[in-house]
Structure formats: C-alpha cells, structure tokens
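Reading through the structure tokens given below for one structure.
Naming convention: chains lettered A, B, ... in sequence-line order (proteins, then strands); numbering from 1 in each chain. These figures come from a predicted structure and were not determined experimentally.
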2 protein chains.
Amino acid sequence: MARTQGSRSETTRPLIMEAAKRLIARHGFAAVSMRQIAAETGKQVGALYSYIPDKQALLFELMRSHMMDLLQAASQLDLKTDPGTALESFTRFHIDFHLARPEDVFVAYMELRNLEPDNFKAITSLRHEYEDVLRGILIKGTNSGAFQLADVRVSTRAVIAMLTGVTTWYRDHGILDRDEVIAIYWRMVAGSVGYKPA
Amino acid sequence: MARTQGSRSETTRPLIMEAAKRLIARHGFAAVSMRQIAAETGKQVGALYSYIPDKQALLFELMRSHMMDLLQAASQLDLKTDPGTALESFTRFHIDFHLARPEDVFVAYMELRNLEPDNFKAITSLRHEYEDVLRGILIKGTNSGAFQLADVRVSTRAVIAMLTGVTTWYRDHGILDRDEVIAIYWRMVAGSVGYKPA
DNA sequence: GTCTATATGACGATAGAC
DNA sequence: GTCTATCGTCATATAGAC
C-alpha cells in the first residue's frame with residue numbers, strides 16, 4: 001500500500017505561497033515581513049527558508065507562476081475564427097481570468113518595481129507575450145477590414161488597461177453578475193476598435 | 001526694502017515633498033525610509049520632523065494635494081457644450097494632466113493601501129468626485145441620444161482606466177507625440193461609448 | 001532650523017539542536 | 001523539517017545642544 005500522505009513539502013510550500021500572496025496583495029511586498037508570512041502559515045521564520053531561498057525569490061515565483069498560468073490559459077483560446085469573434089472571446093477570457101484571481105492580479109501589477117532587474121525583465125517579457133495575443137487579433141481584424149483603428153500598439157494597451165480595470169471595482173454579490181459585466185465591456189471594446197457586430 | 005529671501009521653511013518643505021514623491025514613485029512608500037528622503041534633500045533625519053509630523057502624514061499630503069490639483073484643473077473644463085465636445089475635452093484634459101505628472105499619478109494609484117483608514121476614505125472621496133465629472137458627461141450624452149452605452153457607472157470606470165493606462169507606456173521623445181496619442185485615445189473613447197463625431 | 005545621539009524595536013537571514 | 005536563538009542592520013521617532 002502506498003503512503004497515505006505525501007511528503008510534507010508538497011503541501012507546505014503551496015501554503016506558504018498562498019499566505020504570502022494574500023499578505024502581499026493586501027499590504028504590499030515591502031510592508032510584509034517573513035515573520036508575518038510564517039505566522040500566517042503556523043510556522044516559525046526559519047522554517048520558511050527550507051522552501052524559499054529568500055524574500056525576493058518568493059515574489060518572483062508568485063508573479064512568474066501567475067503569468068505562466070495566464071499564458072497557458074490564453075493559449076487555449078480559439079483564435080482561428082473571424083477577428084470579431086476572436087476579440088469577443090479574448091474579452092470574455094481576460095475578464096473571467098482576472099476576476100477569478102484578484103490577489104494574483106494585484107500583485108502582478110503593483111509589485112513590478114520590487115523585482116530585481118533580471119526578474120523584472122523576465123516578468124515584463126511574459127507580459128509582452130500576453131499582449132501579443134491581443135495584438136495578433138487586432139492586426140488580423142485591421143487587415144481584414146473588420147476593425148477600424150488608428151494604431152494597433154496603442155489600441156492593444158488601451159483595451160488591456162480598460163479590461164484589467166474591472167478588477168478594481170467588481171465584487172461578487174454586487175448588482176451586476178459576471179456575464180452582464182462581460183457584455184458591457186465587450187460592447188465598449190468592440191466600439192473602441194471600430195468593430196460592428198453582425 | 002522687503003526681504004530678499006523668504007523664511008527657509010517656505011522652500012524646504014516643498015523640497016522634502018518633491019524628494020519624497022520621487023523616491024516613493026520609484027520604490028514604493030513602504031520601501032522608502034525617512035533617512036533616504038533626508039539624504040535626497042541634503043538634510044539629516046531629525047530635520048524632516050520640523051516639517052512633517054510623521055511618515056503617514058507625508059504620504060497623505062502628497063496624495064491629497066495631487067487630487068486637489070486634479071479637481072481644481074478639472075473644474076476649469078467647459079462642459080456646457082454638447083456632450084461629444086465635452087467628452088473630447090475631458091479625454092484631452094485627462095491625458096495631458098496625467099502625462100505631465102507621472103510620479104504623482106503613480107503614487108496616487110499605487111499607495112492607496114498604505115493609507116490609514118481615515119486618510120483612505122478622504123482620498124477615495126476625492127477620486128469619486130473626479131469620476132463624477134466624467135459620469136456627468138456620460139449621463140448628459142446618454143439622455144440626449146448622442147452616446148449609446150449600456151451602463152454609465154461601468155463606462156465611467158472603463159474610460160478612466162483606459163485613459164490612465166497611457167501613463168504606463170508613454171514616454172517623451174517616443175515615436176508618438178502627445179497630440180497623436182490624444183487623437184488615438186479620443187477615437188477609442190468615442191467608439192467605446194457609441195459616439196459618432198460629426 | 002538643523003544637528004548629533006539615542007531609545008526602542010523590527011527586519012532578513014543563518015546556525016545548530018532535535 | 002522545524003525549532004530557538006542570534007547576528008548585524010535598519011527602521012521611525014524623539015531629546016537636547018547649538
């Protein structure tokens with residue numbers, strides 16, 4: 001019979017990362033101490049260093065795994081449809097994904113400046129990779145005449161900024177449910193790139 | 001003859017606030033020490049406390065004065081025109097104002113969570129006051145039939161998020177000059193609220 | 001108004017016992 | 001793998017001399 005319980009390290013490490021994420025999202029990386037993270041996981045400070053080399057690596061790993069999840073999920077999008085449908089899929093995907101993990105999003109957007117140079121470059125590169133998904137859609141729609149927009153690069157950033165902004169105000173159990181929010185944003189995104197749904 | 005030089009406090013305090021703003025925008029409030037701010041102004045730590053009661057008050061004052069400047073400037077907008085023209089004025093104003101003071105904007109958006117509860121409420125209230133300027137325009141344009149939008153509150157936040165996003169990528173001496181950027185964003189804003197310029 | 005000196009405590013990270 | 005204890009450093013804020 002196999003072990004009824006895996007090595008402790010397989011469960012403790014995720015626990016530490018979750019606690020760190022929660023605290024950093026709330027108070028900011030610089031304001032959170034290793035002692036707080038330890039207390040939140042029911043351990044003493046020294047124990048953390050069996051799982052993580054230092055505080056900086058902890059932040060980097062949080063942001064890296066969030067970006068990898070995002071890219072992995074985005075790669076499942078079907079973008080072989082017409083550009084309008086692809087843009088609608090992207091809009092729905094971006095809002096759904098970001099609303100489902102508000103703490104990751106907060107950390108990913110607010111703590112870039114606390115990354116050391118090499119880590120900063122790595123995360124920035126993953127962000128560009130994600131932006132390229134949307135840029136590809138906008139380029140295709142511009143070439144086909146489905147979209148009417150003045151500048152693909154600016155539009156890419158503007159649409160992402162608009163969509164990500166939903167995380168700053170949306171709360172579950174509010175007046176609008178998620179599908180209503182997505183419908184409203186989709187109409188705005190479509191208008192902003194000059195797309196007229198059939 | 002009047003004094004050729006005012007009391008030192010009239011020039012030192014702004015110097016301290018400027019240094020603090022610069023450092024906080026770059027490293028984050030929690031990561032900046034009073035020692036760093038003192039060093040940046042050529043003073044010793046103790047001297048700062050002749051001008052500021054504590055570190056929290058310093059942050060609050062930075063954010064408060066930025067928001068007051070924003071509201072004061074926004075109050076000069078001519079909104080008695082037709083809604084389309086008012087929205088274009090607002091778009092131009094928002095981008096111009098925010099691109100002119102990237103450090104204030106960064107601090108105002110990133111350091112909200114480092115405000116103590118009462119200070120947080122005060123700044124949030126000023127932010128709502130500013131959002132109300134745009135919401136007023138959108139309501140007027142919706143009622144007149146000039147705009148076609150699904151939800152005024154969501155549209156207000158979406159437009160502000162889109163416009164504020166320009167500060168994360170725009171750099172002077174880049175490819176696009178400020179007027180080109182404003183023209184691109186205006187076209188997107190107009191489209192997003194269903195406005196068709198004459 | 002600015003300085004030096006200091007009170008008081010928290011920080012990240014490590015060593016070594018179990 | 002987790003603990004306790006500790007190193008060396010830094011933090012905010014204040015006291016008192018000039």
Item to check | Given D:dT2, C:dC3, D:dT6, the nucleotide with the shortest approach to the side chain of A:Arg35 | outcome: D:dT6
Next on the checklist: Centroid separation under 6.0 Å, is that true for the rings of B:Phe90 and B:Tyr130?
Outcome noted: yes
Checklist outcome for this item: Output for pair (A:Ile184 CD1, A:Leu176 CG), nearest 0.5 Å, gives 5.0 Å
Checklist outcome for this item: A:Phe29 atom CZ is separated from C:dG12 atom C1', nearest whole Å, by 10 Å
Checklist outcome for this item: To the nearest angstrom, the CE-P distance between B:Met34 and D:dT14 comes to 10 Å
Checklist entry - In whole angstroms, how far is the P atom of C:dT2 from the CG atom of B:Leu15? => result 10 Å
Checklist entry - So B:Glu18 and B:Leu15, side-chain contact (heavy atoms from CB on, under 4.5 Å) or not? Walk me through it. => result CA-CA 5 Å; B:Glu18 276 302 313; B:Leu15 242 53; 5.8 Å; no
Checklist entry - Choosing from D:dT2, C:dA13, D:dA13, which nucleotide comes nearest the side chain of A:Tyr49? => result C:dA13
Checklist entry - Counting side-chain heavy atoms from CB outward, which of C:dA13, C:dT4, D:dT4 is closest to A:Gln44? => result D:dT4
Checklist entry - Which nucleotide in the set C:dT2, D:dA11, C:dG12 lies at the smallest distance from any side-chain heavy atom of B:Gln36? => result D:dA11
Checklist entry - Can you check the A:Lys55 NZ to C:dA13 C1' distance for me, whole Å? => result 12 Å
Checklist entry - Which whole-number value in Å describes the distance from A:Arg13 CZ to D:dT2 C1'? => result 17 Å
Checklist entry - In whole angstrom, what separates A:His27's NE2 from C:dC11's C1'? => result 16 Å
Item to check | Distance in angstrom units between A:Asp54 CG and C:dC11 C1', rounded | outcome: 14 Å
Checklist outcome for this item: A:Tyr51 has its side chain closest, among C:dC3, D:dG1, C:dA13, to D:dG1
Item to check | Nucleotide of D:dT2, C:dT14, C:dT2 approaching A:Thr12 most closely (side-chain heavy atoms) | outcome: D:dT2
Checklist entry - To the nearest Å, how far apart are A:Leu58 CG and C:dC11 C1'? => result 16 Å
Checklist outcome for this item: Closest non-hydrogen contact found for B:Tyr185 with B:Ile95 is CB-CD1, 3.6 Å
Checklist entry - Picking from D:dA13, C:dG12, D:dC3, which would you name as closest to the side chain of A:Ser33? => result C:dG12
Next on the checklist: Given D:dA13, D:dT2, C:dA13, identify the nucleotide with an atom nearest to the side chain of A:Val45.
Outcome noted: C:dA13
Item to check | Backbone N/O of B:Ala19 and side chain of B:Glu40: donor-acceptor pair under 3.5 Å | outcome: no
